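What follows is a single structure, written as structure tokens, with notes after it.
These numbers come from a predicted model, not from an experiment.
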Amino acid sequence: IYEKDKINTECCEKPKNELKKTKSYMGLSKQYYTRLEDKRRNELKSNPFLTTQTYLDTTFGPNGTGIVTTSVNTPTFRAILEQPDGKLLVLGQSEAKGYIARYDKDGNIDTTFGQNGSILSANARIFTGGFIQSNNKIVAVGDGNYDFIIERFDLSGDLDTSFGSSGIIYTDISGSDFCNGVLTQSDDKFILYGNCTVNSLKCGAIVIYDQDGNIDTTFGSSGNGMIHVFNNGMNESIIDIKFQSDNKMIVAMDVYYSDYSDYDIALVRYDLNGNDDPTFGTNGSVKLDINGQLMNIHSIVILPNDKIVVTGGVNMSSVDIYILRFNADGSIDNTFGSNGNGYNIQDIGANDYGYSIKLQSDGKFMVVGQESHNSGNSNIALIRFNGDGTLDTAFGDNGVLITDVFPNDNDYPYKSALFQTNDKLVVAADNLANNSIILVRYDIDVETGCCHPNDIKALKKRNSTSRSMMNMKVVLKCCNK
């Protein structure tokens, strides 16, 4: 799976320095090269990543912009799902209530869903995840007034009253509970994870349910279908869970003291019955930081060889995005990263976070996160790494792609990224200042990482000035077209 990382990237040589990209529609760069406008020079000196090839999908959004924005009051978004028919569900919060919106495959709001395309829950404070069941029911999970909450809907957006109590299930674990997400199993069971409160400390919490929402009491040692994860007087919150090939469960957590004097990441491994696996790490767990710095974890991916790759933020001189790989047994994989130390740290702005990590079909890693430049505003950031953890410099500008949808405002893509069945990448974000959902779809060439055909299309649409023709020749040469 990693052989394609060895593709010759000499064909992807960047155009000459004087040929840059300039921003246009809603702060987004066009998909062709042009001379840099004088008014942008100072800003670009402070953050060159703002000039980058967009890879925007010209079949998505109004007029083929690749971007969709929808007005929503006080939005926060945490997950994006794809239905079997290609429609997209975006889950999160509006007006301090759980919120779901549905879009058709072209990015238009689907007014046949809920009330004119959306659902506002009367029970959940926020939806943090969801999935489509094999019976085509939509399951949304999140926080229901400090308990785990599950709501099930039919495809039209109506509550499925055959599920739980009138379509809703609450689970009170211990004290104040918060659900961070959900993971499905092959047998239609599903796992909710997050944190609960014990003795004034947060501790990790896991609950398994069957397809109908009944707690699976065979899971865990207590006979109630739940696991509490403790760690020597520190707070814990489970952020992500994935399965290895033997169906063992890798649990990724933030671990920290209440005064934040220490903030680390941890992995724990359980078997399907919820028992600790002592063969993983030290007595079943791994806890670490990078060079003693504060760090958190946001997303993990399991490779076909059961190695574990994680991303998040690490507090160096500023907060930077990192990617780190563990062997299947929880030890650091020192064959991975930029210096053979198991990790790669990328400082692309003032404060940066990796929120989602996806394994491409060519074995490369796409990290979707947030970049903040000197003015303090946050943008959507994509960083691509080769299979060995080195930066894929053939992608974007030296491996980094920045999308600034609302200039001078904050665009937050927290854990809301999805590779669709057609390999297109959809990122959902929110912008509180503009009360907007943002959907961006990228058409990324996962085979080579070279210049995308959309750049050629954009160039051909331009008039045949000598400069435009020269630019087109550069891109055509780059792509060996």
Side-chain angles (χ1 to χ4, degrees), residues 128-129 131 141 148 150 171 173-174 177-198 201-211 213-256 264-288 296-312 324-333 357 415:
T128 56
F131 62 98
V141 309
F148 283 16
I150 310 167
T171 303
I173 303 171
S174 176
D177 311 322
F178 190 89
C179 174
N180 281 321
V182 61
L183 176 67
T184 58
Q185 297 182 183
S186 58
D187 57 2
D188 282 335
K189 291 181 181 180
F190 57 95
I191 303 167
L192 266 60
Y193 55 86
N195 55 260
C196 59
T197 307
V198 178
L201 289 175
K202 290 183 179 180
C203 65
I206 303 171
V207 187
I208 293 187
Y209 304 81
D210 65 21
Q211 183 179 22
N214 303 302
I215 293 178
D216 179 5
T217 56
T218 65
F219 179 75
S221 58
S222 60
N224 62 2
M226 304 178 189
I227 291 180
H228 295 178
V229 185
F230 298 93
N231 191 45
N232 300 323
M234 298 181 76
N235 292 286
E236 290 184 336
S237 184
I238 298 175
I239 306 299
D240 202 358
I241 296 180
K242 294 291 189 299
F243 285 114
Q244 291 182 309
S245 61
D246 57 2
N247 288 325
K248 290 184 178 179
M249 186 188 304
I250 300 295
V251 176
M253 300 186 294
D254 285 338
V255 182
Y256 57 97
D264 301 326
I265 68 171
L267 299 180
V268 180
R269 189 161 72 184
Y270 297 98
D271 63 25
L272 270 179
N273 295 318
N275 301 308
D276 291 340
D277 179 4
T279 66
F280 183 80
T282 302
N283 297 321
S285 66
V286 175
K287 176 177 171 288
L288 62 81
N296 61 14
I297 193 167
H298 284 298
S299 183
I300 68 174
V301 64
I302 307 295
L303 305 186
N305 58 9
D306 281 336
K307 292 186 178 184
I308 307 154
V309 184
V310 308
T311 191
L324 185 154
R325 190 163 76 187
F326 297 88
N327 292 310
D329 62 1
S331 59
I332 295 293
D333 181 1
I357 185 167
K415 297 193 74 171

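Remark: of the listed residues Asn180, Asn195, Val229, Val229 is the sole one forming a side chain to side chain contact (heavy atoms under 4.5 Å, CB included) with Ile238. Evaluated for a side chain to side chain donor-acceptor pair (under 3.5 Å) with Lys189, the options Asp216, Asp210, Thr184, Asn214 yield exactly one hit, Asp216.
Taking both residues in full, the closest heavy atoms of Val182 and Tyr193 are given as N-CE2, 3.4 Å, listed atom of the first, atom of the second, then distance. Shortest non-hydrogen contact noted between Asn247 and Leu272 is O-CG, 3.4 Å. Across all non-hydrogen atoms, the minimal contact from Phe219 to Asp271 is CE1-O, 4.5 Å. What you find for Ile300 and Ala252 is that their closest heavy atoms are CG2-CB, 3.7 Å. Residue Val255 comes nearest to Ala266 through the heavy atom pair CG2-CB, 3.5 Å, listed as atom of the first residue, atom of the second, then distance. Across all non-hydrogen atoms, the minimal contact from His298 to Gly312 is CD2-CA, 4.0 Å.
Interatomic distance, Ile215 CD1 to Ile208 CD1, rounded to the nearest 0.5 Å: 11.0 Å. Put simply, NZ on Lys242 and CG on Leu303 are 12.0 Å apart, with the number rounded to the nearest 0.5 Å.
Judged by distance alone, the side chains of Asp306 and Ser245 do bring a donor and an acceptor atom under 3.5 Å apart. Under the 3.5 Å distance criterion, with hydrogens and angles disregarded, a donor-acceptor pair is assigned to the side chains of Thr279 and Arg269.
Not one N or O on the side chain of Asp276 forms a donor-acceptor pair closer than 3.5 Å with the backbone of Asn283. Judged by distance alone, the side chain of Asp177 and the main-chain N or O of Ile173 form a donor-acceptor pair under 3.5 Å.
Using cut-offs of 30° and 60° on the angle between ring planes, the pair Phe190 and Tyr209 is parallel.
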